[in-house]
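All ligand and atom numbering here is 1-based and tracks the order in the structure. One-based numbering along the sequence shown.
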Amino acid sequence: MKVLLIYTVTENVNIPVLPLGLGCIAAAVESKGHEFSLFNATDAPDSLKALKERIREFQPQVMGLCARNVDNQDRTKPLFLIEPVKKIAAACKEASAAPVVIGGAGFTMFPDEILAYSGGDLGVAGQGEESFCELLDRMEQKAALDGIPGLVVPGEPFDGRLAAVRNLDAWPLPLPEKHMIVPEHWDLKSVMVPIQSRRGCALDCSYCSTKNIEGRILHKRSPDTVAENVRKFMDKGFRYFFIADNTFNLPPSYARALCTALEERAPGAKWQGIIYPNMLGDDLAQAMARAGCKAVSLGFEHGDEDMLRTFNKRFGPEKVREVSKRLKAHDIGQSGFLLLGGPGETKESVKKAFAFLESLKLDAMRITQGVRIYPKTAVYEQAVAKGIIKRDQNILQPAFYVEPGLEEWLKNAVAEFQASHPDWMFL
Ligand code: B12
Ligand code: SF4
């Protein structure tokens, strides 16, 4: 089958992000003998025209769209990112009668809603490699499509059975220039290449949608395969990587093995990752520094013991401090995040969070007001109980939990806090 794969992230939200998920799909379809072409839609006015030209040249039999982001998770400056997906799907349909299939992390969280909103013909919710290839085979054979895990069909409520990949090593990682192309106007030197070694997260933070995207069982690639993939990108001139795993340091034994593989097979690589601030001993911090880790996102979200418990975090503020010091001792830069206004938030807990952030002395910070409500999370239930949303309300257009009565005060408190730290870098 001839497959055109289209990245729909036309907005650079905070940071340009290369299409890793779509790259995995490109590598997968190629490994199964299908022909593919990649197209990065951009915000340039002629992007849709260029897309239509590509469709006419390539004559795809299937068009796959990656809907990575639903929104920017920012209540104060909201961006709804499914609108471009809808425009791109419409342009595809104008230029071709081939079916439009939508997938991606954002799509997986809201499969029925996004399929209906965007006008796509089909969707694949979950990790797409196996199911999308199965879909292509069935289409080629003109066979019935029922029973494919993750398949979403317009007008039929999704059964919730996500597409999954049990053995990650059975599927190839994307290669530079072939499966992952950098948009022409991007500066190659400033691009952080996303690399993923694990999928899933066994933890269950109260607001988090990851379990509904990748599941709660952790699946791992061989560390050597991941490090070899990094080296292949380095051979093409890339130097900076982002390890896109949900929690780089968990489990620590795997994280150490990955560091060893990177040090041996990809010397000189510089990278960042996301840390769950617990279970990070000095040996791991040292291994990370030796393997090229330059900075981490320290995912603590709050500085108040009770709020951390409400978010179902398995650490307290002192553990965060300990991990932060340890990373600093190895010259690993850190950005920190506060997620304010969640269930049970009070003026006192916000003040504690600010004091905690001040005491950490991080390199960069991001303060989010209000918790984006995702389906099938504890925060969803808390929002229903407080009357913030109605059960079964369509929350594709973002809805946020802000503890009732705190909204205005929180806005001013955050503004004051930021103004009182003119030298800090707020993301
Ligand atoms: C790592 C990460 C980041 C890193 C990215 C670093 C980098 N250089 O790539 C950083 C921290 C910079 C980041 C930033 C942001 N992120 Co982020 N990020 C992630 C994370 C943890 C992993 C993403 C990833 O690379 N996965 C690995 C790839 C292989 O998986 P995948 O993309 O899902 O692809 C698979 C499937 O989706 C599917 N698929 C994908 N495309 C297609 C296409 C077709 C046709 C098919 C059939 C299937 C398919 O198959 C793929 C292979 O199995 C996810 C959470 C998660 N676990 O999904 C959040 C996540 C995607 N991010 C999210 C958000 C919101 C953001 C930001 C907007 C935050 C902000 N306000 O700044 C920005 C957006 C940046 C941008 N320009 O797009 C949200 C999106 C939800 C939403 N509301 O939109 C997520 C889901 C986190 C969350 N829990 O809410 N992010
Ligand atoms: S550790 Fe991260 S990915 Fe895992 S549940 Fe918590 S917020 Fe989600």
Shortest non-hydrogen separation from Q73 to T368 and the atoms involved: O-CG2, 3.8 Å
Numbering as shown, the atoms of ligand 1 that approach N14 to under 4.0 Å (heavy-atom distance): 70 (C), 71 (N), 72 (O)
Enumerated ligand 1 atoms positioned under 4.0 Å from heavy atoms of L20: 25 (O), 27 (C), 29 (C)
Identity of the nearest option to atom 84 (O) of ligand 1, non-hydrogen atoms only, from T368, V70, T377, L136: V70
Side chain to side chain donor-acceptor pair (under 3.5 Å) assessment of E345 paired with S349: CA-CA 6 Å; E345 190 84 270; S349 59; 2.5 Å; yes
Contacting atoms of ligand 1, where contact means under 4.0 angstrom from a heavy atom of Q196: 26 (N), 27 (C), 29 (C)
Close-contact set for ligand 1 against N72 heavy atoms, below 4.0 Å: 68 (C), 71 (N)
Contact bool for atom 61 (C) of ligand 1 (protein heavy atom, d < 4.0 Å): yes
Option nearest atom 78 (O) of ligand 1 (shortest heavy-atom distance, choices V13, N69, L122): N69
Sub-4.0 Å heavy-atom approach of S131 to ligand 1: no
ring-ring contact (aromatic ring centres under 6.0 Å, His included) pairs, two or more places apart, involving residues 161-182: F36-H179
Heavy-atom protein neighbour under 4.0 angstrom from atom 74 (C) of ligand 1: yes
Shortest reach to atom 48 (C) of ligand 1 by a heavy atom, considering only P194, C24, A105, G103: G103
Residue pair G200 / N246: nearest heavy atoms and the distance that separates them: O-ND2, 3.3 Å
Interfacing atoms of ligand 1 (cut-off 4.0 Å, heavy-atom, G64): 45 (C)
Crowding at NZ, K411 (>12 non-hydrogen neighbours, <6.0 Å): no
K2 side chain to F58 backbone, donor-acceptor under 3.5 Å: yes
Close approach, L65 and ligand 1, non-hydrogen under 4.0 angstrom: yes
Main-chain N/O of F315 paired to Y276 side chain as donor or acceptor, under 3.5 Å: no
Option whose closest heavy atom lies nearest to atom 47 (C) of ligand 1, chosen from Y374, F242, F132: F132
Location of contacts on I25 toward ligand 1, heavy atoms closer than 4.0 Å: side chain
Nearest option to atom 5 (C) of ligand 1, as decided by whichever heavy atom of Q272, M192, R68 sits closest: R68
Pairwise distance CD(E301) to CZ(R366) - rounded to 0.5 angstrom: 10.5 Å
Option passing side chain to side chain contact (heavy atoms under 4.5 Å, CB included) with Q382 (candidates I388, T310, T377): T310
Ligand-side contact atoms (ligand 1) for residue partner R199, heavy atom cut-off under 4.0 Å: 29 (C), 52 (C), 53 (O)
S209 near ligand 1 by a heavy-atom separation under 4.0 Å: yes
Nearest-contact summary for atom 57 (N) of ligand 1 - protein heavy atom, Å: N246 OD1, 3.0 Å
Option from V70, V152, T108 for which side chain to side chain contact (heavy atoms under 4.5 Å, CB included) with I114 holds: V70
Atom 51 (C) of ligand 1 touched by protein heavy atom at under 4.0 Å: yes
Inter- and intrachain pairs under salt bridge (charged side-chain N to carboxylate O under 4.0 Å, His left out), touching residues 141-163, at least two apart: none
Geometric class of the F417/F354 ring pair [parallel <30°, tilted 30-60°, perpendicular >60°]: parallel
Under-4.0 Å protein heavy-atom contact, atom 81 (C) of ligand 1: yes
V124 to A163 - nearest heavy-atom pair and separation: CG1-CB, 4.1 Å
R198 side-chain N/O to L250 backbone N/O, donor-acceptor pair under 3.5 Å: yes
Distance filter under 4.0 Å to Y207 heavy atoms, resulting ligand 2 atoms: 7 (S)
Step-by-step side chain to side chain donor-acceptor pair (under 3.5 Å) determination, E214 to Q196: CA-CA 12 Å; E214 295 186 349; Q196 192 195 40; 3.2 Å; yes
Atom 88 (C) of ligand 1 touched by protein heavy atom at under 4.0 Å: yes
Nearest heavy atoms of K220 and P251, plus distance in Å: CE-CG, 4.2 Å
Q127 and ligand 1 - part of the residue with a heavy-atom distance under 4.0 Å: both
Ligand-side contact atoms (ligand 1) for residue partner G126, heavy atom cut-off under 4.0 Å: 36 (C), 37 (O), 38 (C), 50 (O)
Ligand 1-proximal atoms of R366, by part, heavy-atom distance under 4.0 Å: side chain
Pair Y7 and F39, ring centroids less than 6.0 Å apart: no
Atom indices of ligand 1, in the order listed, that fall short of 4.0 Å to a heavy atom of E129: 52 (C), 53 (O)
Short side-chain to backbone donor-acceptor contact, Q59 and R56, under 3.5 Å: yes
For atom 39 (N) of ligand 1, the option (of A28, G104, G21, G128) bearing the nearest heavy atom: G104
Nearest non-hydrogen protein atom, atom 24 (C) of ligand 1: A244 CB, 4.0 Å
Working for ring pair (Phe, Tyr, Trp, His ring centres under 6.0 Å), residues F300 and F356: CA-CA 11 Å; F300 55 89; F356 182 63; 5.7 Å; yes
N or O contact, T108 vs ligand 1, cut-off under 3.5 Å: no
Residue part near ligand 1, for I213, under 4.0 Å between non-hydrogen atoms: side chain
Full working for salt bridge (Lys or Arg N to Asp or Glu O under 4.0 Å) between R391 and E381: CA-CA 8 Å; R391 188 170 296 286; E381 294 303 328; 2.7 Å; yes
Environment of atom 4 (Fe) of ligand 2 in terms of protein N/O/S atoms, cut-off under 2.8 Å: C201 SG
Heavy-atom nearest neighbour of atom 43 (C) of ligand 1 within options L173, L22, V101: L22
Residue pairs, two or more places apart or on separate chains, that pass ring-ring contact (aromatic ring centres under 6.0 Å, His included) and touch residues 78-120: F80-Y117
Intermediate values then yes/no, ring pair (Phe, Tyr, Trp, His ring centres under 6.0 Å), Y374 and Y207: CA-CA 7 Å; Y374 290 116; Y207 53 85; 8.8 Å; no
Residue, atom name and distance, where the atom is the protein heavy atom closest to atom 90 (O) of ligand 1: Q73 OE1, 2.7 Å
